[in-house]
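Remember, it's 1-based here, ligands and their atoms both numbered in the order they're listed. All figures in this text were calculated on a predicted structure; none of them were measured in a lab.
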Amino acid sequence: MIPFDLTYHRPSSISEAVQLFEQIQKQGKTPLYYNGGTEIITLSRLNLVFADAVIDIKHIPECRVLDRKQNELTLGAALSLTTIEEANPFPLLAKAASEVADHTARNQITLGGNVCGQIFYRETVLPLLLADCDVVIAGKSGLRQHSIHEVFDQHIRLEPGEFLVQIKVDPIYTTMPHIHIKRRKQGNVGYPLVTVSMIKKERDLRVAFSGVCPFPFRSQAVEEQLNARHLPIETRIVRALQQLPEPILDDVEGSAEYRLFVLKNILTDMLIALEEG
Ligand SMILES: Cc1cc2nc3c(=O)[nH]c(=O)nc-3n(C[C@H](O)[C@H](O)[C@H](O)COP(=O)(O)OP(=O)(O)OC[C@H]3O[C@@H](n4cnc5c(N)ncnc54)[C@H](O)[C@@H]3O)c2cc1C
(Lines give C-alpha, C1' and ligand atoms only; values in the text may rest on other atoms or scores of the structure.)
Protein backbone atom coordinates (compact mmCIF):
# COMPACT_ATOMS: atom_id res chain seq x y z
CA MET A 1 0.00 0.00 0.00
CA ILE A 2 1.15 3.54 -0.74
CA PRO A 3 1.38 5.36 2.63
CA PHE A 4 -0.15 8.66 1.44
CA ASP A 5 -3.14 9.88 -0.60
CA LEU A 6 -2.68 10.97 -4.18
CA THR A 7 -4.80 11.81 -7.17
CA TYR A 8 -4.39 9.99 -10.50
CA HIS A 9 -4.52 11.87 -13.80
CA ARG A 10 -4.59 10.34 -17.28
CA PRO A 11 -3.89 12.96 -19.95
CA SER A 12 -4.32 11.97 -23.59
CA SER A 13 -1.98 14.58 -25.07
CA ILE A 14 1.44 16.05 -24.38
CA SER A 15 0.07 19.56 -23.82
CA GLU A 16 -2.57 18.29 -21.39
CA ALA A 17 0.14 16.48 -19.37
CA VAL A 18 2.36 19.57 -19.17
CA GLN A 19 -0.58 21.83 -18.22
CA LEU A 20 -1.71 19.40 -15.53
CA PHE A 21 1.78 19.38 -14.04
CA GLU A 22 1.82 23.18 -13.92
CA GLN A 23 -1.70 23.50 -12.46
CA ILE A 24 -1.00 20.98 -9.70
CA GLN A 25 2.28 22.69 -8.85
CA LYS A 26 0.53 26.11 -8.69
CA GLN A 27 -1.78 24.63 -6.04
CA GLY A 28 1.32 24.04 -3.90
CA LYS A 29 1.16 20.28 -4.48
CA THR A 30 3.79 17.81 -5.73
CA PRO A 31 3.03 16.22 -9.11
CA LEU A 32 5.02 13.33 -10.56
CA TYR A 33 4.96 11.88 -14.06
CA TYR A 34 3.94 8.23 -13.89
CA ASN A 35 4.99 5.68 -16.50
CA GLY A 36 5.14 1.96 -15.60
CA GLY A 37 4.76 2.98 -11.94
CA THR A 38 7.00 0.17 -10.63
CA GLU A 39 9.60 2.47 -9.08
CA ILE A 40 7.07 5.04 -7.84
CA ILE A 41 5.13 2.30 -6.02
CA THR A 42 8.24 0.54 -4.67
CA LEU A 43 9.97 3.70 -3.43
CA SER A 44 6.84 5.35 -2.02
CA ARG A 45 6.27 2.27 0.16
CA LEU A 46 9.76 2.92 1.54
CA ASN A 47 9.00 6.64 1.96
CA LEU A 48 11.63 7.49 -0.64
CA VAL A 49 9.15 9.06 -3.05
CA PHE A 50 6.23 11.36 -2.32
CA ALA A 51 3.57 12.82 -4.63
CA ASP A 52 0.19 14.51 -4.20
CA ALA A 53 -0.70 13.63 -7.78
CA VAL A 54 0.58 11.30 -10.50
CA ILE A 55 0.25 12.12 -14.20
CA ASP A 56 0.16 8.90 -16.21
CA ILE A 57 1.86 9.49 -19.58
CA LYS A 58 1.31 5.96 -20.94
CA HIS A 59 -1.83 6.92 -22.86
CA ILE A 60 -0.24 9.76 -24.82
CA PRO A 61 0.09 8.47 -28.41
CA GLU A 62 3.59 9.98 -28.98
CA CYS A 63 4.88 8.12 -25.91
CA ARG A 64 3.71 4.77 -27.30
CA VAL A 65 5.26 5.02 -30.77
CA LEU A 66 7.51 2.30 -32.15
CA ASP A 67 8.29 3.43 -35.66
CA ARG A 68 11.03 2.13 -37.95
CA LYS A 69 11.74 4.47 -40.84
CA GLN A 70 14.67 4.14 -43.19
CA ASN A 71 16.53 7.04 -41.56
CA GLU A 72 15.20 6.94 -38.03
CA LEU A 73 13.96 4.56 -35.37
CA THR A 74 11.55 6.24 -32.93
CA LEU A 75 10.89 4.68 -29.54
CA GLY A 76 8.20 6.10 -27.27
CA ALA A 77 9.15 6.56 -23.63
CA ALA A 78 6.10 4.55 -22.51
CA LEU A 79 7.03 1.38 -24.40
CA SER A 80 7.42 -1.48 -21.94
CA LEU A 81 10.70 -3.35 -21.85
CA THR A 82 8.96 -6.53 -23.05
CA THR A 83 7.55 -4.65 -26.06
CA ILE A 84 11.09 -3.59 -26.98
CA GLU A 85 12.39 -7.12 -26.41
CA GLU A 86 9.70 -8.70 -28.57
CA ALA A 87 9.71 -6.14 -31.41
CA ASN A 88 13.53 -6.13 -31.34
CA PRO A 89 14.05 -2.96 -33.43
CA PHE A 90 17.54 -2.44 -31.95
CA PRO A 91 19.06 -5.77 -30.88
CA LEU A 92 21.55 -4.32 -28.37
CA LEU A 93 18.76 -2.37 -26.65
CA ALA A 94 16.47 -5.41 -26.71
CA LYS A 95 19.22 -7.46 -25.06
CA ALA A 96 19.82 -4.79 -22.37
CA ALA A 97 16.06 -4.53 -21.75
CA SER A 98 15.71 -8.32 -21.48
CA GLU A 99 18.22 -8.40 -18.61
CA VAL A 100 16.41 -5.83 -16.41
CA ALA A 101 14.40 -7.23 -13.45
CA ASP A 102 12.15 -10.24 -14.26
CA HIS A 103 9.63 -10.83 -17.05
CA THR A 104 6.59 -9.77 -14.98
CA ALA A 105 8.27 -6.51 -13.92
CA ARG A 106 9.43 -5.87 -17.50
CA ASN A 107 5.80 -5.95 -18.67
CA GLN A 108 5.32 -2.81 -16.55
CA ILE A 109 8.72 -1.13 -16.57
CA THR A 110 9.00 1.36 -19.42
CA LEU A 111 11.97 2.59 -21.42
CA GLY A 112 11.37 6.15 -20.14
CA GLY A 113 11.05 4.97 -16.56
CA ASN A 114 14.30 3.05 -16.75
CA VAL A 115 16.16 6.01 -18.28
CA CYS A 116 14.61 8.63 -15.93
CA GLY A 117 14.21 6.59 -12.74
CA GLN A 118 16.02 7.16 -9.45
CA ILE A 119 17.30 3.58 -9.19
CA PHE A 120 20.70 4.28 -10.58
CA TYR A 121 21.49 1.27 -12.77
CA ARG A 122 19.41 2.52 -15.76
CA GLU A 123 20.79 -0.29 -17.89
CA THR A 124 18.82 0.53 -21.05
CA VAL A 125 20.64 3.84 -21.32
CA LEU A 126 23.90 2.06 -22.23
CA PRO A 127 22.92 1.22 -25.85
CA LEU A 128 21.39 4.70 -26.18
CA LEU A 129 24.68 6.35 -25.18
CA LEU A 130 26.61 4.14 -27.61
CA ALA A 131 24.23 5.01 -30.46
CA ASP A 132 24.49 8.80 -29.88
CA CYS A 133 20.69 8.86 -29.94
CA ASP A 134 18.49 11.95 -29.68
CA VAL A 135 15.90 12.50 -26.98
CA VAL A 136 12.61 14.37 -27.43
CA ILE A 137 11.54 16.23 -24.30
CA ALA A 138 8.22 17.95 -23.62
CA GLY A 139 7.83 21.02 -21.42
CA LYS A 140 6.08 24.36 -21.05
CA SER A 141 7.64 25.72 -24.26
CA GLY A 142 6.73 22.69 -26.36
CA LEU A 143 9.01 19.94 -27.61
CA ARG A 144 12.81 20.09 -27.75
CA GLN A 145 15.16 17.51 -29.31
CA HIS A 146 18.76 17.06 -28.21
CA SER A 147 21.58 14.59 -28.39
CA ILE A 148 21.42 12.31 -25.35
CA HIS A 149 24.93 13.52 -24.47
CA GLU A 150 23.59 17.05 -23.87
CA VAL A 151 20.94 15.96 -21.37
CA PHE A 152 22.17 12.73 -19.82
CA ASP A 153 25.12 13.03 -17.48
CA GLN A 154 24.92 10.26 -14.87
CA HIS A 155 21.16 10.90 -14.86
CA ILE A 156 18.75 12.74 -17.12
CA ARG A 157 18.76 16.50 -16.59
CA LEU A 158 15.18 17.72 -17.06
CA GLU A 159 13.71 21.10 -16.14
CA PRO A 160 10.79 21.02 -13.67
CA GLY A 161 7.62 19.95 -15.46
CA GLU A 162 9.46 18.36 -18.39
CA PHE A 163 9.18 14.71 -19.40
CA LEU A 164 10.87 12.39 -21.88
CA VAL A 165 8.58 11.66 -24.84
CA GLN A 166 10.71 9.72 -27.32
CA ILE A 167 14.13 8.42 -28.22
CA LYS A 168 15.38 8.63 -31.78
CA VAL A 169 18.07 6.29 -33.04
CA ASP A 170 19.98 6.33 -36.31
CA PRO A 171 19.31 2.83 -37.76
CA ILE A 172 22.99 2.36 -38.70
CA TYR A 173 23.62 1.67 -34.99
CA THR A 174 21.07 -1.13 -34.90
CA THR A 175 23.09 -3.39 -37.18
CA MET A 176 26.62 -2.91 -35.79
CA PRO A 177 28.49 -5.80 -34.14
CA HIS A 178 27.75 -5.65 -30.41
CA ILE A 179 27.96 -7.48 -27.09
CA HIS A 180 26.06 -6.91 -23.85
CA ILE A 181 27.17 -8.73 -20.71
CA LYS A 182 25.51 -8.49 -17.32
CA ARG A 183 27.00 -10.19 -14.27
CA ARG A 184 25.00 -10.39 -11.05
CA LYS A 185 25.99 -11.34 -7.54
CA GLN A 186 24.02 -14.55 -8.08
CA GLY A 187 21.26 -16.02 -10.27
CA ASN A 188 19.69 -14.71 -13.46
CA VAL A 189 17.53 -11.94 -12.01
CA GLY A 190 18.64 -8.92 -10.02
CA TYR A 191 20.58 -5.73 -10.09
CA PRO A 192 23.93 -5.81 -11.86
CA LEU A 193 27.25 -6.40 -10.23
CA VAL A 194 28.68 -5.15 -13.51
CA THR A 195 26.96 -4.58 -16.88
CA VAL A 196 28.88 -3.67 -20.02
CA SER A 197 27.53 -2.82 -23.50
CA MET A 198 29.94 -2.58 -26.42
CA ILE A 199 29.56 -1.85 -30.13
CA LYS A 200 32.09 -1.78 -32.92
CA LYS A 201 31.70 1.19 -35.25
CA GLU A 202 33.96 0.59 -38.21
CA ARG A 203 37.25 -0.19 -36.37
CA ASP A 204 36.43 1.65 -33.14
CA LEU A 205 34.96 0.14 -30.01
CA ARG A 206 32.44 2.09 -27.95
CA VAL A 207 31.65 0.99 -24.43
CA ALA A 208 29.19 1.93 -21.67
CA PHE A 209 28.85 0.67 -18.11
CA SER A 210 26.31 0.18 -15.33
CA GLY A 211 26.97 -1.22 -11.86
CA VAL A 212 30.57 0.00 -11.85
CA CYS A 213 29.85 3.45 -10.39
CA PRO A 214 26.63 4.76 -8.80
CA PHE A 215 25.54 5.95 -12.26
CA PRO A 216 25.68 4.58 -15.81
CA PHE A 217 28.27 6.15 -18.09
CA ARG A 218 30.19 6.10 -21.33
CA SER A 219 33.72 7.53 -21.20
CA GLN A 220 35.81 8.84 -24.07
CA ALA A 221 38.98 8.37 -21.97
CA VAL A 222 38.17 4.69 -21.42
CA GLU A 223 37.38 4.17 -25.10
CA GLU A 224 40.64 5.83 -26.18
CA GLN A 225 42.64 3.34 -24.13
CA LEU A 226 40.64 0.34 -25.36
CA ASN A 227 41.15 1.44 -28.97
CA ALA A 228 44.95 1.83 -28.67
CA ARG A 229 45.43 -1.18 -30.95
CA HIS A 230 49.22 -0.91 -31.08
CA LEU A 231 49.24 -2.19 -27.47
CA PRO A 232 48.42 -5.70 -26.21
CA ILE A 233 44.82 -6.20 -25.03
CA GLU A 234 45.86 -6.63 -21.39
CA THR A 235 47.75 -3.31 -21.32
CA ARG A 236 44.85 -1.52 -22.96
CA ILE A 237 42.42 -2.85 -20.36
CA VAL A 238 44.69 -1.94 -17.42
CA ARG A 239 44.99 1.59 -18.79
CA ALA A 240 41.24 1.79 -19.48
CA LEU A 241 40.46 0.80 -15.89
CA GLN A 242 42.69 3.65 -14.69
CA GLN A 243 40.38 6.06 -16.53
CA LEU A 244 37.15 4.95 -14.82
CA PRO A 245 35.25 7.71 -13.02
CA GLU A 246 34.92 7.57 -9.25
CA PRO A 247 33.68 6.20 -6.95
CA ILE A 248 33.72 2.51 -7.85
CA LEU A 249 30.72 0.91 -6.16
CA ASP A 250 31.55 -0.98 -2.99
CA ASP A 251 28.35 -2.41 -1.48
CA VAL A 252 26.36 -5.56 -0.67
CA GLU A 253 26.36 -6.59 -4.33
CA GLY A 254 30.17 -6.70 -4.36
CA SER A 255 33.34 -4.93 -3.25
CA ALA A 256 35.05 -2.39 -5.51
CA GLU A 257 37.98 -4.79 -5.93
CA TYR A 258 35.74 -7.67 -6.99
CA ARG A 259 33.82 -5.45 -9.42
CA LEU A 260 37.08 -4.40 -11.10
CA PHE A 261 38.19 -8.03 -11.33
CA VAL A 262 34.90 -9.02 -13.00
CA LEU A 263 35.03 -5.97 -15.28
CA LYS A 264 38.56 -6.82 -16.42
CA ASN A 265 37.46 -10.31 -17.42
CA ILE A 266 34.36 -9.04 -19.24
CA LEU A 267 36.41 -6.49 -21.20
CA THR A 268 38.98 -9.13 -22.15
CA ASP A 269 36.25 -11.41 -23.52
CA MET A 270 34.60 -8.54 -25.36
CA LEU A 271 37.77 -7.24 -26.98
CA ILE A 272 38.76 -10.69 -28.17
CA ALA A 273 35.28 -11.35 -29.56
CA LEU A 274 34.78 -8.01 -31.30
CA GLU A 275 38.31 -7.56 -32.64
CA GLU A 276 38.42 -11.05 -34.06
CA GLY A 277 34.84 -10.80 -35.35
C1 LIG B 1 11.73 -5.32 -9.01
C2 LIG B 1 12.61 -4.33 -9.72
C3 LIG B 1 13.81 -4.78 -10.28
C4 LIG B 1 14.64 -3.87 -10.97
N5 LIG B 1 15.78 -4.34 -11.58
C6 LIG B 1 16.52 -3.48 -12.35
C7 LIG B 1 17.64 -3.93 -13.09
O8 LIG B 1 18.03 -5.09 -13.04
N9 LIG B 1 18.29 -3.02 -13.87
C10 LIG B 1 17.87 -1.72 -13.98
O11 LIG B 1 18.46 -0.95 -14.74
N12 LIG B 1 16.84 -1.27 -13.25
C13 LIG B 1 16.16 -2.12 -12.46
N14 LIG B 1 15.10 -1.65 -11.76
C15 LIG B 1 14.84 -0.21 -11.82
C16 LIG B 1 13.74 -0.02 -12.77
O17 LIG B 1 14.14 -0.32 -14.09
C18 LIG B 1 13.24 1.39 -12.72
O19 LIG B 1 12.92 1.66 -11.41
C20 LIG B 1 12.02 1.32 -13.60
O21 LIG B 1 12.56 1.19 -14.84
C22 LIG B 1 11.10 2.39 -13.54
O23 LIG B 1 10.25 2.26 -14.70
P24 LIG B 1 8.75 2.60 -14.63
O25 LIG B 1 8.27 2.70 -16.02
O26 LIG B 1 8.03 1.65 -13.74
O27 LIG B 1 8.87 4.05 -13.99
P28 LIG B 1 7.95 4.83 -12.97
O29 LIG B 1 7.88 4.11 -11.66
O30 LIG B 1 6.67 5.19 -13.61
O31 LIG B 1 8.82 6.17 -12.82
C32 LIG B 1 10.10 6.14 -12.22
C33 LIG B 1 10.62 7.57 -12.12
O34 LIG B 1 10.93 8.06 -13.42
C35 LIG B 1 10.13 9.20 -13.73
N36 LIG B 1 9.72 9.02 -15.11
C37 LIG B 1 9.19 7.92 -15.68
N38 LIG B 1 9.02 8.10 -16.99
C39 LIG B 1 9.43 9.36 -17.25
C40 LIG B 1 9.50 10.13 -18.44
N41 LIG B 1 9.08 9.64 -19.62
N42 LIG B 1 9.99 11.39 -18.36
C43 LIG B 1 10.41 11.88 -17.17
N44 LIG B 1 10.38 11.20 -16.02
C45 LIG B 1 9.88 9.95 -16.07
C46 LIG B 1 8.96 9.18 -12.76
O47 LIG B 1 8.47 10.48 -12.50
C48 LIG B 1 9.60 8.55 -11.54
O49 LIG B 1 10.32 9.53 -10.83
C50 LIG B 1 14.28 -2.51 -11.06
C51 LIG B 1 13.08 -2.07 -10.44
C52 LIG B 1 12.27 -2.96 -9.78
C53 LIG B 1 11.00 -2.43 -9.16
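With sequence neighbours excluded, the residues that form a side-chain contact (heavy atoms from CB on, under 4.5 Å) with Gln242 are Val238, Arg239. For Glu72, the side-chain hydrogen bond (donor to acceptor under 3.5 Å, both in side chains) test picks out Lys168, with sequence neighbours left out. Annotation: side-chain contact (heavy atoms from CB on, under 4.5 Å) contacts of Asn227 (sequence neighbours excluded): Asp204, Leu205, Glu223.
Residues His59 and Ser12 have side chains that never bring a donor and an acceptor to within less than 3.5 angstrom of each other.
A salt bridge between Asp132 and Arg218 is present, with a side-chain N of the basic residue lying under 4.0 Å from a carboxylate O of the acidic one.
Of the options Val135, Val125, Asn35, a side-chain contact (heavy atoms from CB on, under 4.5 Å) to Val115 is made by Val125 and by none of the others.
The 4.0 Å heavy-atom shell around ligand 1 contains residues Leu32, Tyr33, Tyr34, Asn35, Gly36, Gly37, Thr38, Glu39, Ile40, Thr42, Ile57, Ala77, Val100, Ala101, Ile109, Thr110, Gly112, Gly113, Asn114, Cys116, Gly117, Ile119, Tyr121, Arg122, Glu123, Leu158, Phe163, Leu164, Lys182, Gly190, Tyr191, ordered by chain and number.
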